Amino acid sequence: MSVHPDPTSDAVLKRVRTRHFAQAKANGIKITGLTSYDTLTAQIFDEAGIDFLLVGDSAGNTVLGYDSTLPVTVDELIPLTRAVALSAKRAFVIADMPFGSYEEGPEHALRTAMRFMKETHAHAVKLEGGIRSADQIRRIVESGIPVMGHVGFTPQSEHGLGGHMIQGRGEAADRVFADAKAVEAAGAFAVVLEMIPAELAARITAELSIPTISVGAGAHTDGQLLVWTDFAGLNPGRVPKFVKQYAQLGAVLSEAATSFKADVESGAYPGPEHSYQDD
């Protein structure tokens, strides 16, 4: 994302802000996002020019060992978010509000959002739900905290949605569209569209004044977001249809660990070059 035609000029973007999301949509510039949960990946993705980093509740699956995002707590996400926010110099850092941290109502949501902003140095929060979460979004935005919405397939509601299923097909398209409009009306600066038909995502993108970010919603949105362990080939098992793997870090790490084990067992490591001498 660059609002300046000449990236070498003195006016090069130093920190992505919410206004840059709006400018990117207006200028037809695609927005890029990745999840991050630690200082090292945050630094790497930030230096690569990724526009925003989401400290997602996907940490439940990728960091904390859970089989879903539902058990993730605010207390677990705060140190992860802090690490990312303190490490990214340019990227816009968004804290994901986990299940159970905003559903009770607007004041509950605001308290959680305030904790994230005060304790992590994040720049915004994200929460799931359209019409059902509109009052929470509005209350948080009114307090001065930017909010990214999330509609379509919402992982925190996977049991109510019948599992990991495409949303918005057929007559259900109107419901997803209404959810996206509700997020916009509540004051969110952007909205994630997850696992909905590409045609519906294109329609929503054309109708909304705020940027749309695709997670498996096709190419005709204002930006794309991937879980970093998916795009880097680190997760074992089935790869979602919408994920393009840009590396195979799982295989690289496995090979490295295997080589380390063999070298230690054979005595090849550590060698003289890895040992300190008296002189």
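Given the structure is predicted, the values throughout are model-derived calculations rather than measurements. Excluded from the calculations below are hydrogen atoms, water molecules and symmetry mates; all remaining heavy atoms, backbone and side chain alike, are included.
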So [Y] and [X], do their side chains get closer than 4.5 Å, heavy atoms only?
X      : Y      : result
Asn61  : Thr69  : yes
Glu184 : Val191 : no
Phe52  : Val16  : no
Phe177 : Glu207 : yes
Val215 : Met195 : no
Val243 : Leu226 : yes
Arg15  : His123 : yes

How many angstroms lie between atom [atom1] of [X] and atom [atom2] of [Y], to the nearest 0.5 angstrom?
X      : Y      : atom1 : atom2 : answer
Thr18  : Ile94  : OG1   : CD1   : 10.0 Å
Leu53  : Thr32  : CG    : OG1   : 9.0 Å
Leu234 : Trp228 : CG    : CH2   : 5.0 Å
Lys126 : Ile137 : NZ    : CD1   : 10.5 Å

The single option from Thr41, Asp38, Thr39 passing side-chain hydrogen bond (donor to acceptor under 3.5 Å, both in side chains) against Ser87: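 With Ser87 as partner, Thr41, Asp38, Thr39 yield a single side-chain hydrogen bond (donor to acceptor under 3.5 Å, both in side chains), made by Thr39.
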So, applying side chain to side chain contact (heavy atoms under 4.5 Å, CB included) with [X], which one of [options] is it?
X      : options                       : result
Met117 : Thr81, Ile140, Thr112, Ile145 : Ile145
Ser101 : Leu127, Val72, Leu77, Val74   : Val74
Leu54  : Asp96, Leu34, Val93           : Asp96

Phe45 and Phe231 aromatic ring geometry - parallel, tilted or perpendicular at 30°/60° bounds: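 The rings of Phe231 and Phe45 stand perpendicular, inter-plane angle above 60°.
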salt_bridge([X], [Y]) N-O dist < 4.0 Å:
X      : Y      : value
Asp75  : Arg115 : yes
Lys261 : Glu265 : yes
Asp46  : Lys89  : no

Sequence-distant partners of Thr205, side-chain hydrogen bond (donor to acceptor under 3.5 Å, both in side chains), two or more places apart: Thr212
Side-chain donor-acceptor pair present, Ser259, Tyr269, cut-off under 3.5 Å: no
Can you tell me if [X] uses its side chain to pair, donor with acceptor, with the backbone of [Y] under 3.5 Å?
X      : Y      : answer
Glu194 : His150 : no
Gln167 : Ala173 : no
Tyr102 : Glu128 : yes

Shortest non-hydrogen contact between Met148 and Phe189, atoms and distance: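 Taking Met148 first and Phe189 second, the nearest heavy atoms are N-CE2, 3.6 Å.
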Closest approach of Thr154 to Val151 (non-hydrogen atoms, all atoms of both residues):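 Result for this residue pair: CG2-CA, 4.2 Å.
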His108, NE2 atom: more than 12 neighbouring heavy atoms under 6.0 Å: yes
For Glu107, all residues meeting salt bridge (charged side-chain N to carboxylate O under 4.0 Å, His left out), sequence neighbours excluded: Arg139
Same apolar cluster: Ile44 and Val55, side chain cutoff 4.5 Å: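 Result: yes, single cluster for both.
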